[in-house]
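What follows is a set of notes on a single structure, which appears directly below.
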Amino acid sequence: MKKTILVSAERGETRVAVLEAKQKGGKASVAELYIERRGRRSIVGNIYKGKVDNVLPGMEAAFVDIGLERNGFLHVDEIVLPNGEQAPKRGRGSGRRINELIKPGQEILVAVVKDPLKSKGARLSMNLSIAGRYLVYAPQGGGVGVSRRLADKERDRLRKMVDRTYKGPGGLIVRTAAHGAKKADFVREISYLQKLNEVLQRRSESTKAPALVFQEADLSVRVLRDVFLNEFEKAVIDSPKQFERVTSFFQRTAPELVGGVELYEGTKPLFDKWKVNEAIESTLNRRVDLPSGGYLIIDYTEALTVIDVNSGSFTGRGKGGLEETITKVNTEAAEEAVRQLRLRDIGGIIVVDFIDMARASNRDKVLKTMRKALDADKSKSYVVEVSPLGLVEMTRQNITDGVREILTAPCPTCHGEGVVLSAETVALEGVQKLRDIAGEHGDVEAFLIRVNPKVAHELTDEESGLAELEQETGKRFHFEGGDALPIGTFELVESGSRSEIEERALPFKVGEEVLVKIDEPHMYNADDAVARIDSYIVSVTGGGRFVGERKLVRIDEVERSAAIASLLGGGESSNGSGGGEENGSQLESSAPSRKRSRGRRGGRGRSRANQGSKDE
């Protein structure tokens with residue numbers, strides 16, 4: 001499987017895409033996405049000189065001030081003793097309590113192993129490490145470890161080679177990227193990593209906590225360093241600055257890879273050429289379609305991510321029956337679910353709800369497909385067997401924010417809940433608020449309230465209780481507001497005499513000439529028509545012939561939710577050009593945002609206005 005890495009860097013943001021082709025000569029698609037912004041860089045791999053702020057024996061953890069907005073979290077199992085040895089694990093019953101190992105106010109060196117996510121601070125460890133291309137150097141460790149993702153034969157070869165090359169101090173971990181590496185590669189990188197460690201030690205001695213003493217490489221270098229393996233065909237970078245930075249890093253650590261890095265100089269944006277921006281946009285969609293016609297629904301919660309599999313329009317082919325149809329959809333879903341996990345960088349607990357399968361062999365087939373797809377995922381994962389309900393539970397390593405978290409922010413209206421109060425609910429609560437307002441302003445005749453037009457429509461409905469309230473209190477209520485208002489908006493804008501409030505609240509005066517667009521025929525009289533400005537209804541006498549046109553009309557009667565108008569100019573067509581267009585847009589912007597569906601609530605009745613309201 002050949003792969004390509006694309007790096008696009010603009011001011012303030014770097015985006016990296018990993019492209020994979022499933023079959024030789026096949027079309028490459030986006031498999032992984034990484035985005036990093038200047039003000040929101042990942043701090044995983046950074047090393048800080050921190051000060052212990054609080055030690056909690058009950059949690060076997062400490063909170064460490066590392067100079068960020070929130071303190072970092074240090075578990076007792078991540079503590080290293082002053083002599084460089086790992087503190088005994090508490091779970092085995094022989095370890096010491098955390099308050100015996102570190103004290104509040106103590107200064108310690110810690111590495112970030114997990115970014116701050118949501119309300120949680122960074123996860124810290126005193127096991128420091130510095131990552132290179134082929135090796136990870138652990139200054140306080142010992143011995144040589146080799147990545148388990150390598151084949152057994154290659155692991156043995158690399159372990160023996162590093163053992164012969166390196167004698168300490170510190171420990172080394174041989175990375176997956178070291179596959180096929182030679183002795184000279186290790187000698188060169190060990191020297192490079194030890195120099196970095198010397199710089200780290202000097203900074204830690206001269207710096208006062210809390211402070212950053214070692215910063216991990218930026219996104220472009222970090223991704224290419226970690227994933228630019230032998231199966232990658234090339235890396236393409238559209239920024240000369242990033243290109244220089246990456247090639248400089250590889251010249252120090254892996255000179256043989258420099259030739260695989262290209263500077264993109266095409267006129268079309270790099271990500272547009274490879275259709276990466278389409279993939280980025282797709283990560284924000286809740287629904288993901290499958291080739292067969294089925295689809296996935298991906299929902300995020302605080303505790304876990306749920307992926308629901310649906311058959312959609314796929315009804316099966318041939319004589320396989322329902323079971324084979326379901327198995328086909330589930331097999332496609334297993335591959336696509338893993339692709340979405342990688343593409344969106346979803347971590348934590350994940351539950352995939354497959355369509356129920358009767359045969360155990362089919363459940364095994366789907367699970368095998370899913371595990372095979374996970375082999376290409378560099379993030380650690382653990383998958384449980386398919387349950388009798390068709391659920392697959394799994395965990396995936398969650399180290400930093402994914403694309404969705406970086407590109408989006410919680411909705412200011414629903415605050416991330418996904419639901420808001422209905423207009424009817426707000427209106428019902430609003431009637432009680434109006435009663436309270438009337439009681440607090442006993443000497444005031446009328447009030448202007450700002451609400452969403454949908455709420456205004458519910459309030460002016462004859463079943464809302466508004467007419468009874470006005471009759472009971474002797475007050476008059478008017479409403480204004482546009483569709484952009486949050487549905488829960490309910491604000492007292494102005495109070496005063498009835499004439500003062502009507503002057504501001506009603507959009508027209510009797511005798512005023514206005515340009516309106518005739519929207520539809522009148523419900524009860526085919527010769528008449530209805531125009532709407534925002535949510536305000538204008539019944540146009542004789543306008544039935546001009547539906548879809550703009551007409552100049554004279555306002556004959558004005559009510560709270562509707563007006564009656566008659567045509568001007570002998571019924572000639574009006575295109576609404578010149579000053580007419582401007583006048584029309586002013587009307588739309590100044591019109592109140594309110595509707596009613598039947599009759600007039602309060603005040604004297606207008607039969608034609610009532611018809612216009614019913615038409616609405």
Side-chain angles (χ1 to χ4, degrees), residues 20 22-23 26-27 29-33 278-398 402-405 408 416-419:
E20 293 179 354
K22 292 184 178 180
Q23 298 176 351
K27 186 177 180 181
S29 60
V30 181
E32 296 177 7
L33 287 169
E278 294 179 10
I280 293 175
E281 292 175 5
S282 74
T283 62
L284 306 181
N285 296 335
R286 183 169 175 256
R287 172 170 169 155
V288 180
D289 291 323
L290 300 174
S292 65
Y295 61 92
L296 308 179
I297 295 294
I298 303 176
D299 285 321
Y300 303 86
T301 72
E302 183 73 20
L304 49 81
T305 300
V306 179
I307 302 177
D308 184 37
V309 181
N310 298 276
S311 59
S313 62
F314 183 63
T315 56
R317 300 183 183 90
K319 302 180 181 180
L322 177 62
E323 181 74 6
E324 293 304 314
T325 299
I326 291 174
T327 304
K328 178 174 176 56
V329 174
N330 283 341
T331 303
E332 285 184 354
E335 290 186 349
E336 184 61 30
V338 174
R339 178 177 175 270
Q340 291 297 322
L341 295 181
R342 297 177 62 196
L343 190 64
R344 303 178 186 219
D345 198 15
I346 297 174
I349 300 173
I350 300 153
V351 175
V352 185
D353 183 9
F354 289 103
I355 305 172
D356 291 347
M357 294 169 286
R359 299 174 189 168
S361 59
N362 288 335
R363 294 197 293 269
D364 292 341
K365 178 182 178 180
V366 171
L367 186 63
K368 183 178 180 181
T369 300
M370 191 170 189
R371 284 177 168 160
K372 183 178 179 181
L374 284 169
D375 288 342
D377 186 11
K378 67 182 183 64
S379 296
K380 297 177 182 177
S381 59
Y382 174 72
V383 182
V384 182
E385 300 290 333
V386 181
S387 75
L389 297 177
L391 302 177
V392 169
E393 300 169 22
M394 63 174 292
T395 61
R396 185 173 183 270
Q397 190 177 30
N398 190 14
V403 175
R404 175 177 173 270
E405 287 73 25
T408 62
E417 295 293 332
V419 294

Stepwise side-chain contact (heavy atoms from CB on, under 4.5 Å) check, V309 with V352: CA-CA 8 Å; V309 181; V352 185; 4.2 Å; yes
Listed once per pair and sorted, the salt bridge (Lys or Arg N to Asp or Glu O under 4.0 Å) pairs that draw on residues 361-370, sequence neighbours left out: none
Heavy-atom side-chain contact between S282 and L343 under 4.5 Å: yes
Flag, side chain of R396 to backbone of S379, donor-acceptor distance under 3.5 Å: no
Side-chain heavy atoms of D345 within contact of L33, under 4.5 Å: no
Sidechain-backbone polar pair: E405 side chain, G402 backbone, donor-acceptor under 3.5 Å: yes
More than 12 heavy atoms from other groups under 6.0 Å of CD on E393: no
Residue pair I349 / A303: nearest heavy atoms and the distance that separates them: CB-O, 4.0 Å
Step-by-step side-chain contact (heavy atoms from CB on, under 4.5 Å) determination, I326 to D356: CA-CA 8 Å; I326 291 174; D356 291 347; over 6 Å; no
CG on N362 to CD1 on I355, rounded to 0.5 Å: 12.5 Å
Sequence-distant partners of T331, side-chain hydrogen bond (donor to acceptor under 3.5 Å, both in side chains), two or more places apart: none
Results of side-chain hydrogen bond (donor to acceptor under 3.5 Å, both in side chains) for N310 - residues two or more places apart only: D308
Nearest heavy-atom neighbours spanning R342 and E20: NH2-OE2, 2.8 Å
Residue pair V392 / V384: nearest heavy atoms and the distance that separates them: CG1-O, 3.9 Å
Summary of salt bridge (Lys or Arg N to Asp or Glu O under 4.0 Å) pairs that have at least one residue in residues 281-295, sequence neighbours excluded: R286-D299, R287-D289
Considering all heavy atoms, the nearest V366-A334 contact: O-CB, 3.8 Å
I350 side, atom CD1; L341 side, atom CG - distance, nearest 0.5 Å: 4.5 Å
Pairs where residues 380-392 contributes a residue and the test salt bridge (Lys or Arg N to Asp or Glu O under 4.0 Å) is met, not counting sequence neighbours: R371-E385
Residues K328, E324; criterion salt bridge (Lys or Arg N to Asp or Glu O under 4.0 Å); working and verdict: CA-CA 6 Å; K328 178 174 176 56; E324 293 304 314; over 6 Å; no
Donor-acceptor contact below 3.5 Å, side chain R344 vs main chain T283: yes
Nearest heavy atoms of L367 and V386, plus distance in Å: CB-CG2, 4.0 Å
Expected output: side-chain S311 to main-chain F314 donor-acceptor under 3.5 Å: no
Set of side-chain hydrogen bond (donor to acceptor under 3.5 Å, both in side chains) partners for R339, sequence neighbours left out: E336
